[in-house]
Amino acid sequence: MRISTLFGRTLRQAPAEAELASHNLILRAALARPLSAGIYSYLPLGWRVIRKIEAIMRDEMDRIGGQEMHMPVLNPAEHWKETGRYFAIGPELIRIKDRAEREYVLAMTHEEIITDLARRELRSYRQLPFMVYQIQTKIRDEARPRGGLIRMREFLMKDAYSFHEDQQALDEYYPSVYQAYRNIFARSGLRVIDVEADPGMMGGTGSHEFMMLSDSGEDTLVICSQCGYAANVEAARANKKDRVGEHQRLEALKPLEGVATPGVKTIQQLTEFFTLPAQDFLKTVLYMACGELVAVAIRGDLEVNEAKLARALQCSDLRLASDEEIARAGTVVGFASPVGLKNVRVVLDDSVDGDAFIAGANKPDTHLRDVHYPRDFAADAVADIALAQAGQTCLQCGNDIEMRRGIEVGHTFKLGYKYSEAMGAKFLNPEGKEVIVIMGCYGIGLDRLLAAIIEQNHDDKGIIWPKSVAPFAVHLAALGVEDAEVSGVAEKLYLDLMSRGCEVLYDDRDETAGVKFNDADLIGIPLRVTVSRRTLDKGSVELKQRTSRDFHLVKLDQAIEAITQECTA
RNA sequence: CGGGGUGUAGCGCAGUUGGUUAGCGCGCAUGGUUUGGGACCAUGAGGUCCCCAGUUCGAGUCUGGGCACCCCGACCA
């Protein structure tokens with residue numbers, strides 16, 4: 001490709017909107033251009049990178065028996081109603097109508113469609129297992145697109161779906177996808193860690209996320225450097241340290257005692273008022289969960305993990321209750337507690353044991369001393385619903401846990417029977433009995449992966465592409481193109497390399513050396529080859545790796561060979 | 001959805017108490033001089049000042065409404 005005719009110009013200054021390094025470089029290096037919030041067009045340079053990433057994915061998915069296919073973005077709403085997701089998912093699922101007022105959705109993922117296909121095609125256990133995948137556009141009306149290609153409303157995803165006879169067969173297959181994913185990221189030049197994850201709206205029995213560690217990541221991760229435990233904070237379990245102090249055990253009961261606490265509402269204020277540590281208080285948070293008011297009680301030094309709570313309640317429609325809803329339940333914000341609350345489900349974090357706590361009295365400006373569970377209130381459920389925090393220890397090895405930020409680039413799920421059951425995807429087992437098929441699903445965001453690779457591979461001059469995904473293998477720069485010998489040698493080199501199957505970006509423009517070198521550094525192709533008066537006087541061309549500051553001369557008659565070797569290495 | 005910010009040439013920005021023909025840098029075009037790390041000179045093209053309504057003799061500037069984009073949070077695979 002000749003830069004003189006390449007569609008898309010590099011920018012000296014990035015648009016002010018770009019804050020992330022990847023966002024900035026994607027714009028400056030002319031990889032992509034914004035169309036609307038979270039919606040981008042790829043320019044030729046960026047699209048070549050996507051194609052490279054796709055090729056790696058196809059190779060790895062095919063290797064574990066995947067079959068590539070393709071499913072529509074425009075889906076009848078009916079399928080999404082069958083699984084209930086039409087109602088369970090909020091406005092990020094775009095719902096539209098056609099000319100005949102028929103309801104459609106724009107697919108944000110394809111479980112419904114593949115499961116519909118599976119129930120039509122699948123008859124016998126002999127057809128199992130199978131895995132199909134596609135590389136497709138997904139549409140999600142994100143509340144807040146951000147970070148350039150990191151969080152988009154229209155994005156590219158490689159999604160894969162596997163079907164198995166039973167849980168055991170799924171469990172046996174799952175690690176091969178995990179390994180394929182590790183291979184994809186390794187081959188793309190991205191260092192990732194995998195963490196235990198919350199399946200969220202996808203449902204299912206187990207899931208892992210592949211995370212690139214980055215301070216600008218949206219996800220918080222809990223990591224134990226000792227034993228390797230790693231989890232998204234949404235799913236993370238950690239050792240809630242035992243309480244220390246004067247609080248009495250249940251054996252030494254004191255009666256409940258009311259205390260006037262005018263205006264003392266937060267745990268922070270309570271610790272100051274009583275001069276006691278936060279863990280001596282019982283914090284009660286009221287939620288509306290699927291239309292029902294729920295009181296969630298947890299030790300004062302801990303925070304509620306809403307993902308865990310949603311799972312404990314088996315309800316994904318979770319939000320904090322409004323003041324009116326709380327008043328209707330007969331309590332008041334800042335002074336709530338499960339003690340004496342009527343007609344409200346109580347979920348208790350397992351950190352709350354038989355010790356004495358100070359809790360709200362469900363009336364203004366009053367707290368209760370010596371609240372004991374289960375003496376003074378009942379819980380409908382006791383579960384781990386606490387958010388893991390820095391300072392806590394690892395449940396597996398006792399080491400201190402670490403909190404890091406990460407960008408999610410891939411996610412694998414054991415879906416279980418959620419979709420196959422809802423849509424009736426069944427087969428006949430060897431005994432001739434009809435059974436429901438079990439599923440797994442696996443996704444990687446291509447745009448986000450591209451952005452993540454740049455986040456991890458750049459310097460102050462520009463992108464440093466790993467060879468495997470670089471848009472071209474060689475950046476050929478001719479300095480001083482009005483010199484007939486320079487342009488002649490460069491032209492010939494360009495054509496010869498091309499004929500050898502080497503992908504060359506040829507800077508044939510009439511620009512100064514500085515402009516060409518800076519563009520080469522910005523675009524970030526692994527090998528730079530320079531032809532100039534200076535190199536020709538030595539009968540040579542100059543080779544330089546993007547990763548290095550050093551360069552060396554290669555004689556003209558050996559240049560093709562040397563460069564081709566780099567190309568294909 | 002809540003909070004904050006920004007909309008003026010392709011990009012980055014300036015534009016005074018409302019006052020003539022809206023500027024600067026980069027980029028772009030043409031010509032010339034240059035040529036190993038974002039050259040220089042000259043000439044030139046390029047603007048619904050986000051949109052609508054209003055106030056005013058007069059609006060980029062003031063008022064009201066709307067829209068778009070960015071950042072933080074909430075939400076989310």
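Here the structure is a predicted model, which is why all the values come from computation and not from measurement. Numbers restart at 1 for each chain; the letters A, B, ... are given by sequence-line order, proteins then strands.
When the ring-ring contact (aromatic ring centres under 6.0 Å, His included) test is applied to A:Tyr173, the partners found at least two apart in sequence or on another chain are A:His164. Scanning for side chain to side chain donor-acceptor pair (under 3.5 Å) contacts around A:Glu292 gives A:Arg345, with sequence neighbours left out. Residues satisfying the side chain to side chain donor-acceptor pair (under 3.5 Å) criterion with A:Lys138, sequence neighbours excluded, are A:His110, A:Asp159. Annotation: ring-ring contact (aromatic ring centres under 6.0 Å, His included) contacts of A:Tyr494 (sequence neighbours excluded): A:Tyr506. The side chain to side chain donor-acceptor pair (under 3.5 Å) search around A:Glu421 returns none, not counting sequence neighbours.
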Does the side-chain contact (heavy atoms from CB on, under 4.5 Å) test come out yes or no for A:Asp194 and A:Arg182, once each step is laid out? CA-CA 9 Å; A:Asp194 57 281; A:Arg182 294 219 64 92; 2.7 Å; yes

Show the numbers, then the answer: is there a side chain to side chain donor-acceptor pair (under 3.5 Å) between A:Thr530 and A:Ser532? CA-CA 6 Å; A:Thr530 307; A:Ser532 70; over 6 Å; no

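Computed from coordinates, the A:Lys544 NZ to B:rG36 C1' distance equals 13 Å when rounded to whole Å. What separates CZ of A:Phe517 from P of B:rA39 is a distance of 13 Å, to the nearest Å. Atom C1' of nucleotide B:rC1 and atom CE of A:Met288 are separated by 18 Å, given to the nearest angstrom. Between A:Leu20 atom CG and B:rC70 atom P the separation is 12 Å, expressed in whole Å.
Residue order along RNA chain B, read from the 5' end via each residue's closest nucleotide, puts A:Arg509 first among A:Glu408 and A:Arg509. Remark on RNA chain B: of its neighbouring residues A:Ala18 and A:Glu209, the 5'-side contact belongs to A:Ala18, judged by nearest-heavy-atom nucleotide.
The base of B:rG37 has none of its N or O atoms less than 3.5 Å from a complementary donor or acceptor on the side chain of A:Arg534. Taking 3.5 Å as the limit, the base of B:rC76 and the side chain of A:Arg151 contain a donor-acceptor pair of atoms between them. Residue side chain A:Thr512 does not reach the base of B:rG38 through any donor-acceptor N/O pair under 3.5 Å, judged by distance alone.
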Please write out the pairs of protein N or O atoms and N or O atoms of nucleotides 23-31 of chain B separated by less than 3.5 Å, giving the distance to one decimal.
residue	atom	partner	partner atom	Å
B:rG25	N2	A:Gln13	OE1	3.2
B:rG27	OP1	A:Arg12	NH1	3.3
B:rG27	OP1	A:Arg12	NH2	3.3
B:rG27	O2'	A:Arg9	NH2	2.6

Between the protein and nucleotides 66-69 of chain B, which nitrogen or oxygen pairs come in under 3.5 angstrom?
residue	atom	partner	partner atom	Å
B:rC69	OP1	A:Ser36	OG	3.0
B:rC69	OP1	A:Ala37	N	2.9

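At a threshold of 4.0 angstrom between heavy atoms, the contacts of A:Asp519 include nucleobase atoms, whether or not backbone atoms are also involved.
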Side-chain donor-acceptor pairs of residues 18-25 of chain A under 3.5 Å, sequence neighbours excluded:
residue	atom	partner	partner atom	Å
A:Ser22	OG	A:Glu455	OE2	2.7
A:His23	NE2	A:Tyr40	OH	3.0
A:Asn24	OD1	A:Arg28	NE	3.3

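Annotation: side-chain hydrogen bond (donor to acceptor under 3.5 Å, both in side chains) contacts involving residues 438-450 of chain A, sequence neighbours excluded, comprise A:Tyr42-A:Asp447, A:Ser162-A:Tyr442.
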